[in-house]
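Below is one structure, written out as structure tokens; the observations come after it.
Both ligands and their constituent atoms are indexed starting at 1 by order of listing. Sequence positions, counted from 1, serve as the residue numbers for this chain.
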Amino acid sequence: MQTTFSLAQLADPHVAEAEKILRKCVHCGFCTATCPTYVTLGNELDSPRGRIYLIKDMLENGRPADAEIVTHIDRCLSCLACMTTCPSGVHYMHLVDHARAHIEETYRRPIIDRAIRSVLAQVLPYPARFRAALKLAALGRPFAPLFAKVKALKPLAAMLAMAPRAVPAASAVSTPATHVATGVKRGRVALLTGCAQSVLDPAINEATVRLLTRLGVEVVVAEGEACCGALVHHMGREEAALAAARTNVDAWTREIERGGLDAVIITASGCGTTIKDYGFMLRLDPAYAGKAARVSALAKDVTEYLASVDLPEPSLKPGLAVAYHSACSMQHGQKITRQPKDLLKRAGFDVREPKEGHLCCGSAGTYNILQPDIAGKLRTRKVANIEATGAALVATGNIGCMTQIGGGTAMPVVHTVELLDWAWGGPRPEGVGDR
Ligand code: SF4
Ligand code: SF4
């Protein structure tokens, strides 16, 4: 694609990066067929190619974002299916991240939208605040149907509807500690305990620590570790996202210097995509660029790491049929497709792959709160495909997908690592029956 940025515009490294990406697009439109919002809404402006044109026009003309571009960029799930499909290697993720930051800087959203986004940014990344908010949600739940009738308040209704009725107790695994390996130590990793996941489902990190230590891997929960920054990053709040990235880079660099790390283990693929991008996000910060690139290189999804470990025979082969849902951040963001399925098969599960596996379930960070109508349609479609497999349960590697899919089906939805922990000697995951 031809671009007409001026030399003065290209002096801004963010614009220069965007220009490089735009020039790679050859307008072929292959990406439209796999874009969930295009498939759902049928509007070219809600396709990757349409959004690329909108972003190009905004940036080339150096103009502030307007309501039209905000509408179409807000509807983008950042699922990155378009990046998997694109034959030209267009890095849509970096382009849309920059567009979101530009929107945040130049566009004043309506007051209710601003307020809801501020609450999400101030609550979700902080486990204590999030826990308190979930408890408060119980009081607000009766008003959800009322809020759902007012367009601007639909996100509030979605938040209340999604809040679990019971909040699990805080887990000891979420506090900084070193979990010693059982038997001969054969590795040392840091575990990102995360923010929302550690509150909604602490059993995931508990299973991870149990399984890794049982396999001889020492697991460190680093002092000072925080939310990965993905939630604010996807809202265009760049400074907050970079601050979160620096905090984690510092925490894991201290652990690298203290005892060495073979990997930084991530159990939520949404976080994994962002941490693997820290090197890019902090590339312009001379104090952090090198350290961030090192952390990104160490970042591994738990299944990616387990696939590199010499596993013994599982102690139990449950033999259940499992529908494996590959989160977008897993398959498109990190290109991890084979390892989770191979591990589940190795553990004796009958792995079934739902149709349209490339399409997002509608979770996408805060998307199911901010765009509840589109998210609801995508969930209905995803759940129908999952249920059609006839599997007994669903496994996935991202807490957002677990919450989104779990809200639309009676099937148990668990994290892949919980099933692996079970097969290799851990307890049966809650809600999962055996044969
Ligand atoms: S990230 Fe997903 S929703 Fe956004 S343009 Fe690409 S395919 Fe469409
Ligand atoms: S598939 Fe790639 S090159 Fe083709 S229109 Fe989409 S982004 Fe552009």
Side-chain angles (χ1 to χ4, degrees), residues 1-3 17-60 65 68-103 230-231 233-236 269-270 272-274 276-277 280 325-335 337 356-379 381-382 398 400-401 404:
M1 181 184 285
Q2 268 198 334
T3 57
E17 187 63 36
E19 196 241 8
K20 213 165 74 188
I21 300 167
L22 288 167
R23 289 181 77 90
K24 281 198 166 181
C25 176
V26 295
H27 332 247
C28 66
F30 287 168
C31 52
T32 55
T34 57
C35 170
T37 53
Y38 182 73
V39 169
T40 306
L41 303 168
N43 179 351
E44 170 76 14
L45 294 179
D46 289 313
S47 78
R49 185 172 59 180
R51 292 184 177 114
I52 288 169
Y53 278 118
L54 288 172
I55 296 170
K56 176 180 184 286
D57 183 55
M58 175 176 72
L59 296 181
E60 260 182 357
E68 186 190 34
I69 190 164
V70 172
T71 298
H72 298 293
I73 297 297
D74 280 357
R75 285 184 191 155
C76 169
L77 295 131
S78 278
C79 70
L80 310 180
C82 47
M83 283 182 64
T84 299
T85 313
C86 177
S88 294
V90 172
H91 206 304
Y92 178 83
M93 178 174 96
H94 288 160
L95 186 65
V96 81
D97 285 348
H98 176 57
R100 291 191 206 277
H102 185 81
I103 288 172
L231 287 166
H233 191 42
H234 292 152
M235 286 187 205
S269 57
T273 304
T274 298
K276 287 181 177 180
D277 203 39
F280 177 83
H325 164 74
S326 187
C328 297
S329 42
M330 188 76 83
Q331 59 172 321
H332 305 306
Q334 300 183 61
K335 307 283 180 248
T337 52
E356 300 186 322
H358 63 282
L359 282 184
C360 182
C361 66
S363 161
T366 54
Y367 191 92
N368 49 4
I369 294 171
L370 295 170
Q371 299 284 338
D373 292 340
I374 304 172
K377 286 183 183 148
L378 289 170
R379 173 165 71 188
R381 190 167 179 150
K382 179 61 68 182
N398 194 44
C401 309
Q404 173 78 348

ask   = What are the two closest non-hydrogen atoms of Cys31 and Cys82, and how far apart are they?
value = CB-CB, 3.8 Å

note = For Ile52, the ligand 2 atoms with a heavy-atom partner under 4.0 Å come out as 7 (S)

task = Kindly write out the residues that satisfy side-chain hydrogen bond (donor to acceptor under 3.5 Å, both in side chains) with Thr71, not counting sequence neighbours, or none if the list is empty.
result = none

query = Quick one: are His72 and Asn43 in side-chain contact, heavy atoms under 4.5 Å?
reply = yes

ask   = Numbering the atoms of ligand 2 from 1, which are under 4.0 Å from a heavy atom of Ser88?
value = 3 (S)

task = Would you mind reporting whether Tyr38 and Thr32 have side-chain heavy atoms less than 4.5 Å apart?
result = yes

query = Quick one: are Thr273 and His332 in side-chain contact, heavy atoms under 4.5 Å?
reply = no

For atom 3 (S) of ligand 2, closest protein heavy-atom neighbour = Val26 N, 3.3 Å

request  = Find all atoms of ligand 2 within a distance of less than 4.0 Å from any non-hydrogen atom belonging to Pro87, and give their numbers and elements.
outcome  = 1 (S)

task = Could you check if a side-chain atom of Ile374 sits within less than 4.5 angstrom of a side-chain atom of Leu378, using non-hydrogen atoms only?
result = yes

message = Counting only heavy atoms closer than 4.0 Å, does ligand 2 sit against the backbone of Thr85, its side chain, both, or neither?
response = neither

query = Can you tell me the protein heavy atom closest to atom 2 (Fe) of ligand 2 and the distance?
reply = Cys86 SG, 2.3 Å

message = Give me the nearest non-hydrogen protein atom to atom 6 (Fe) of ligand 2 as residue plus atom name, then the distance to 0.1 Å.
response = Cys31 SG, 2.3 Å

remark   = Sorted by chain and residue number, the ring pair (Phe, Tyr, Trp, His ring centres under 6.0 Å) partners of His94 (sequence neighbours excluded) come out as His91, Phe280

key: Met1 contact mode with ligand 2 (heavy-atom cut-off under 4.0 Å)   = neither

key: Protein-derived N, O or S atoms lying under 2.8 Å from atom 4 (Fe) of ligand 1, waters excluded   = 1

query = Name the one of Arg51, Arg75, Gln371 that satisfies side-chain hydrogen bond (donor to acceptor under 3.5 Å, both in side chains) with Thr37?
reply = Arg51

key: Intermediate values then yes/no, side chain to side chain contact (heavy atoms under 4.5 Å, CB included), Leu59 and His98   = CA-CA 10 Å; Leu59 296 181; His98 176 57; 3.7 Å; yes

message = Ring centroids only, cut at 6.0 angstrom: are Tyr53 and His27 within range, meaning strictly under it?
response = yes

request  = Name all pairs fulfilling the side chain to side chain donor-acceptor pair (under 3.5 Å) condition that reach into residues 357-366, sequence neighbours left out, sorted by first residue then second.
outcome  = none

key: Nearest non-hydrogen protein atom, atom 4 (Fe) of ligand 2   = Cys28 SG, 2.3 Å

query = Of all the atoms in ligand 2, which lie at a distance below 4.0 Å from a heavy atom belonging to Gly29?
reply = 4 (Fe), 5 (S)

ask   = Tell me: protein heavy atom nearest atom 8 (Fe) of ligand 2, and distance?
value = Cys25 SG, 2.4 Å

